[in-house]
Amino acid sequence: KAGVTQTPRYLIKTRGQQVTLSCSPISGHRSVSWYQQTPGQGLQFLFEYFSETQRNKGNFPGRFSGRQFSNSRSEMNVSTLELGDSALYLCASSLGGGSSYEQYFGPGTRLTVT
Amino acid sequence: ELKVEQNPLFLSMQEGKNYTIYCNYSTTSDRLYWYRQDPGKSLESLFVLLSNGAVKQEGRLMASLDTKARLSTLHITAAVHDLSATYFCAVDPTGYSSASKIIFGSGTRLSIRP
């Protein structure tokens, strides 16, 4: 069974630009969560999607948004990039709901903002 | 707001020794996770603990959960170099039928020397 995939793996952007990251969950998984990991703030929850609906959101500004498609693939968008957005962005998938608690993480997208 | 505190944050151990990482959290939770992260890599799920008194073991690692004390421990037995990594505990307080919103601890960087 293929794992969670994220594209691109590395990205360099300039302040003020916008970026879109993609996450393909494990086949059959309907929940996708996004996390930001930085040396200063650690791992922080961004949002979770299930069946194309955002069910939960972390404490991030509105510049961070996401969506999920009918095939459960998810995208995350960051507009008007700031230097502080440089981070490793991880997505995780799970079956979602009920007793399906285990999350499987993708390899991450490392975003550098210059 | 839910807080998840790990200690120690750094741990240097000798091979063959035993040690414990502690994870305290500030609110009731239905789910407690332990993850491992190698440098530059993504997160690998180690344990999912779902009930008070739960104990799970995999190789030299054993995790336990005390929901009354809001405490989980990750015990390392007879450490070997391959266990060197950063270990995260994480808590999801949102309930069995709700969406996920996993909150991570700061991580414990474990270094095992010969």
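Labels below follow one simple rule: chain letters A, B, ... track the order of the sequence lines, proteins then strands, and each chain is numbered from 1.
- Only the side chain of A:L88 has a heavy atom closer than 4.5 Å to any heavy atom of chain B.
- Interatomic distance, B:Q37 CD to A:L90 CG, rounded to the nearest 0.5 Å: 7.0 Å.
- Applying the disulfide bond (SG atoms under 2.5 Å apart) definition to pairs two or more places apart or across chains, none involves residues 38-86 of chain B.
- B:L61 and B:L49 fall within a single hydrophobic cluster, where Ile, Leu, Val, Met, Phe, Trp and Tyr side chains are chained together by heavy-atom contacts under 4.5 Å.
- The minimum heavy-atom distance linking B:S45 with A:Q103 is given by the pair CB-O, 4.1 Å.
- A:F45 and A:Y49 fall into different hydrophobic clusters, where Ile, Leu, Val, Met, Phe, Trp and Tyr are joined by side-chain heavy atoms under 4.5 Å apart, directly or via other members.
- When hydrophobic clusters are built by joining Ile, Leu, Val, Met, Phe, Trp and Tyr residues whose side-chain heavy atoms come closer than 4.5 Å, directly or via intermediates, A:L46 is grouped together with A:V19.
- For chain B, the nearby parts of A:L43 are the backbone and the side chain; heavy atoms of each come within less than 4.5 Å.
- Here the side chain of B:S42 pairs a donor or acceptor atom with the backbone of A:G106 at under 3.5 angstrom.
- Taken to the nearest 0.5 Å, the OG atom of A:S94 stands 8.0 Å off from the CD1 atom of B:I102.
- Taking the six-membered ring for Trp, B:Y35 and A:F105 have ring centres closer than 6.0 Å.
- With chain B as the partner, the residue from A:R110, A:Q37, A:Q44 showing the most heavy-atom pairs under 4.5 Å is A:Q37.
- By the 6.0 Å contact criterion, CZ on A:F60 is enclosed, its count of non-hydrogen atoms from other residues, nucleotides or ligands being greater than 12.
- B:L83 and B:L11 end up in the same hydrophobic cluster when Ile, Leu, Val, Met, Phe, Trp and Tyr side chains are linked at under 4.5 Å.
- For A:I12, the CD1 atom is loosely surrounded, since the number of other residues' heavy atoms within 6.0 Å does not exceed 12.
- With sequence neighbours excluded, the residues that form a side chain to side chain donor-acceptor pair (under 3.5 Å) with B:D38 are B:R36.
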I'd like to know whether B:F104 forms a side-chain contact (heavy atoms from CB on, under 4.5 Å) with A:Y35, so could you lay out the CA-CA distance, the side-chain angles of the two residues, the decisive distance to 0.1 Å, and finally the verdict. CA-CA 10 Å; B:F104 282 83; A:Y35 299 86; 3.6 Å; yes
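- Residues from residues 78-86 of chain A never place a non-hydrogen atom less than 4.5 Å from a non-hydrogen atom of chain B.
- Hydrophobic clustering of Ile, Leu, Val, Met, Phe, Trp and Tyr side chains at less than 4.5 Å, counting indirect connections, unites B:Y25 with B:F47.
- Shown here are the salt bridge (charged side-chain N to carboxylate O under 4.0 Å, His left out) partners of A:R67, two or more places apart in sequence or in another chain: A:E75.
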